[in-house]
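Presented below is the structure to which this report refers.
Note that this is a predicted model, so its numbers are computed, not measured.
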Amino acid sequence: MIRGRNLGFGNVTPPASSAAVEVCGLVRSFGPVRAVDGLDLQVQPATVLALLGPNGAGKTTTVEVCEGFLRPDAGVVRVLGLDPIADSAALRPRMGVMPQGGGAYPGVRAAEMLGLVAVCSARPLDVGWLLDVLGLTGVARVPYKRLSGGQQQRLALACALVGRPEVVFLDEPTAGMDPQARRLVWDIIASLRADGVSVLFTTHLMEEAEALSDQVVIIDHGRVVAMGSPAELTSSSTTQRQLRFRARPGLDLHPLATALPQDCGASEPRPGEYLVDGLIDPQVMATVTAWCAQQGVFAEDLRVSRRSLEDVFLELTGRELRS
């Protein structure tokens with residue numbers, strides 16, 4: 001909760017349909033490029049869903065269709081049981097949107113921008129309180145163009161929340177923020193869920209997705225490649241475990257790789273940090289410690305763990321850079 005209190009949304013009434021957001025068979029193309037290709041997802045009431053994917057995977061396009069900014073080529077999209085385009089007038093007062101890039105007029109002051117959005121809302125939150133919650137009181141009279149990137153992001157979040165929405169779409173909500181501001185936004189998202197608000201957000205920070213979301217949907221090339229809770233994705237039967245340890249940098253891994261079972265691999269992701277991927281059992285542990293003894297090194301911080309959400313993401317979408 002934010003500073004010991006909720007955000008004042010009260011008990012949000014569940015949507016008429018079973019899901020706050022429902023996307024079925026969504027297709028959206030831009031010329032010859034099919035950005036979204038038959039995508040399905042659901043956001044249940046009072047839950048947080050993280051939509052993950054590499055650059056160009058179709059995340060922002062999917063979110064903009066849900067927000068009613070883009071018309072789908074095919075498929076069905078419902079937000080709070082309503083069509084985002086056909087029922088736009090009824091839906092917009094119930095929906096909060098935080099796009100990438102903010103989108104405010106450069107000369108408008110922070111408080112003026114938030115106040116303008118507030119007067120367009122039927123039951124707005126107190127503008128001064130929301131500026132204080134988001135650490136913007138000190139820059140309330142500063143023009144938007146002079147705000148830092150993180151401050152612009154926080155103002156965009158304030159604009160998305162001031163109207164007490166029932167469902168919120170956040171596109172990269174913590175981009176450009178320092179760790180303190182990022183943790184504040186995490187607290188706000190947790191408070192939204194506690195108040196009954198449904199949240200769909202995109203992020204490139206796997207730690208953020210793992211910490212905040214009830215459900216994760218990973219997409220690539222416009223299609224869903226995995227979905228489930230963070231725990232389900234990182235503990236599935238196809239997710240191998242890892243053995244990590246620290247030792248002197250630059251050790252010859254070839255003898256270790258040869259001695260390990262075929263389903264295991266050895267690597268040095270960073271100098272002095274070693275990783276054995278595979279089904280880790282006592283025999284594998286003994287093989288690793290024996291190899292360390294042969295190398296004349298002591299394995300420090302030796303530990304076995306499941307793969308992280310980032311490991312799963314890279315396994316599913318590849319490690320090559322995307323433009």
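- Between Arg141 atom CZ and Arg109 atom CZ the span is 4.5 Å, to the nearest 0.5 Å.
- Checked by atom type and distance alone, the side chain of Arg154 pairs as donor or acceptor with a backbone atom of Gly135 at under 3.5 Å.
- In this structure, Arg223 places its CZ atom where only 12 or fewer heavy-atom neighbours from other residues, nucleotides or ligands lie under 6.0 Å away.
- No donor-acceptor pair under 3.5 Å is formed between the side chain of Arg246 and the backbone N or O of Gly272.
- The shortest distance between side-chain heavy atoms of Val108 and Leu116 does not fall below 4.5 Å.
- Taken from CG in Asp171 to CZ in Phe201, the straight-line distance is 11.0 Å, to the nearest 0.5 Å.
- Take Ala209 and apply the side chain to side chain contact (heavy atoms under 4.5 Å, CB included) test, not counting sequence neighbours, and it matches Ala50, Leu52, Thr203, Leu309.
- Side chain of Asp37 to main chain of Gly222: no donor-acceptor pair is present (N/O by atom type, distance under 3.5 Å, no hydrogens or angles).
- Between Phe245 and Ala299, the shortest heavy-atom distance links the atoms CD1-CB, 3.9 Å.
- Met285 and Phe298 are not part of a single hydrophobic cluster, where members link through side-chain heavy atoms under 4.5 Å apart.
- Thr174 and Glu208 share a donor-acceptor pair across their side chains, judged by distance under 3.5 Å alone.
- The line from CG of Leu70 to CD of Glu64 is 5.0 Å long, rounded to the nearest 0.5 Å.
- Contact check for Thr61 versus Leu26: no side-chain heavy atoms found under the 4.5 Å cut-off.
- Taking all atoms of both residues into account, the shortest heavy-atom contact from Arg193 to Asp214 is NH1-OD2, 2.9 Å.
- In this structure the side chain of Leu170 reaches within 4.5 angstrom of the side chain of Ile189, judged on heavy atoms.
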Just do the side chain to side chain contact (heavy atoms under 4.5 Å, CB included) check on Val185 and Gln153 with the steps written out, would you?
CA-CA 10 Å; Val185 173; Gln153 284 288 92; over 6 Å; no
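- Note that CZ of Phe169 and OG1 of Thr60 are 13.0 Å apart. Values are rounded to the nearest 0.5 Å.
- When all heavy atoms of Leu184 and Val133 are compared, the pair lying nearest together is CD2-O, 3.4 Å.
- Taking CE of Met113 as the start and SG of Cys159 as the end, the distance is 4.5 Å to the nearest 0.5 Å.
- Cluster annotation: Trp291 and Val304 are assigned to the same hydrophobic cluster (Ile/Leu/Val/Met/Phe/Trp/Tyr, side-chain heavy-atom contacts under 4.5 Å, transitive).
- Salt bridge Glu273/Arg303: absent, no basic N to carboxylate O contact under 4.0 Å.
- Although no hydrogens or angles enter the test, the distance criterion places a donor-acceptor pair under 3.5 Å between the side chain of Arg28 and the main chain of Arg71.
- At a threshold of 4.5 Å between non-hydrogen side-chain atoms, the residues Glu112 and Tyr105 do not count as touching.
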Give every donor-acceptor pair under 3.5 Å between a side-chain atom in residues 249-261 and any protein atom, sequence neighbours left out.
| unit_1 | atom_1 | unit_2 | atom_2 | d |
| --- | --- | --- | --- | --- |
| Asp252 | OD1 | His254 | N | 3.1 |
| Thr258 | OG1 | His254 | O | 2.9 |

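- Residues Leu200 and Ile85 fall into different hydrophobic clusters, defined by Ile, Leu, Val, Met, Phe, Trp and Tyr side chains chained together at heavy-atom separations under 4.5 Å.
- Val36 places none of its side-chain heavy atoms less than 4.5 Å from the side chain of Val65.
- Residues Phe313 and Leu316 are members of one and the same hydrophobic cluster, defined by side-chain heavy-atom contacts under 4.5 angstrom among Ile, Leu, Val, Met, Phe, Trp and Tyr.
- The side chain to side chain contact (heavy atoms under 4.5 Å, CB included) test with Val217 is passed by exactly one of Gln42, Met227, Lys59: Met227.
- Side-chain N or O atoms of Tyr274 include one that pairs as donor or acceptor with a backbone N or O of Arg248 at under 3.5 Å.
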Step by step, would you call Val21 with Arg78 a side chain to side chain contact (heavy atoms under 4.5 Å, CB included)?
CA-CA 6 Å; Val21 179; Arg78 294 291 180 267; over 6 Å; no
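- Summarising the geometry of Leu41 relative to Leu39, their closest heavy-atom pair is CD2-CD2, 3.6 Å, with the distance given to 0.1 Å.
- Looking at every heavy atom in both residues, Leu130 comes nearest to Ala158 through CD2-O, 3.5 Å.
- Listed for the Asp87 side chain is a donor-acceptor partner under 3.5 Å among the backbone atoms of Asp83.
- Considering only heavy atoms from C-beta on, Gln151 comes within 4.5 Å of Leu136 through its side chain.
- By the criterion of side-chain heavy atoms lying less than 4.5 angstrom apart, applied directly or through intervening Ile, Leu, Val, Met, Phe, Trp or Tyr residues, Phe69 is grouped together with Leu80 in one hydrophobic cluster.
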Val43 and Val167: side chain to side chain contact (heavy atoms under 4.5 Å, CB included), yes or no, with the steps?
CA-CA 9 Å; Val43 183; Val167 60; 5.9 Å; no
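- The main-chain N or O of Val48 is never found under 3.5 Å from a side-chain atom of Ser213 such that the two would form a donor-acceptor pair.
- Crowding of Phe30 atom CZ: a count of heavy atoms from other residues, nucleotides or ligands under 6.0 Å exceeding 12.
- Within the 4.5 Å cutoff, the side chain of Val27 has heavy atoms near those of the Arg34 side chain.
- Distance CD/Gln242 to CG/Asp277: 4.5 Å, rounded to 0.5 Å.
- Using modelled atom types, one finds no donor on one side chain facing an acceptor on the other under 3.5 Å when comparing Thr317 with Asp220.
- Within a 6.0 Å sphere centred on CD of Glu300, other residues, nucleotides and ligands contribute more than 12 heavy atoms.
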One pair to check against side chain to side chain contact (heavy atoms under 4.5 Å, CB included): Val216 and Ser229. What are the steps and the verdict?
CA-CA 6 Å; Val216 172; Ser229 69; over 6 Å; no
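- Judged by distance alone, the side chain of Arg94 and the main-chain N or O of Glu166 form no donor-acceptor pair under 3.5 Å.
- Of all non-hydrogen atoms in Pro84 and Leu91, the two that sit nearest each other are CA-CD2, 3.7 Å.
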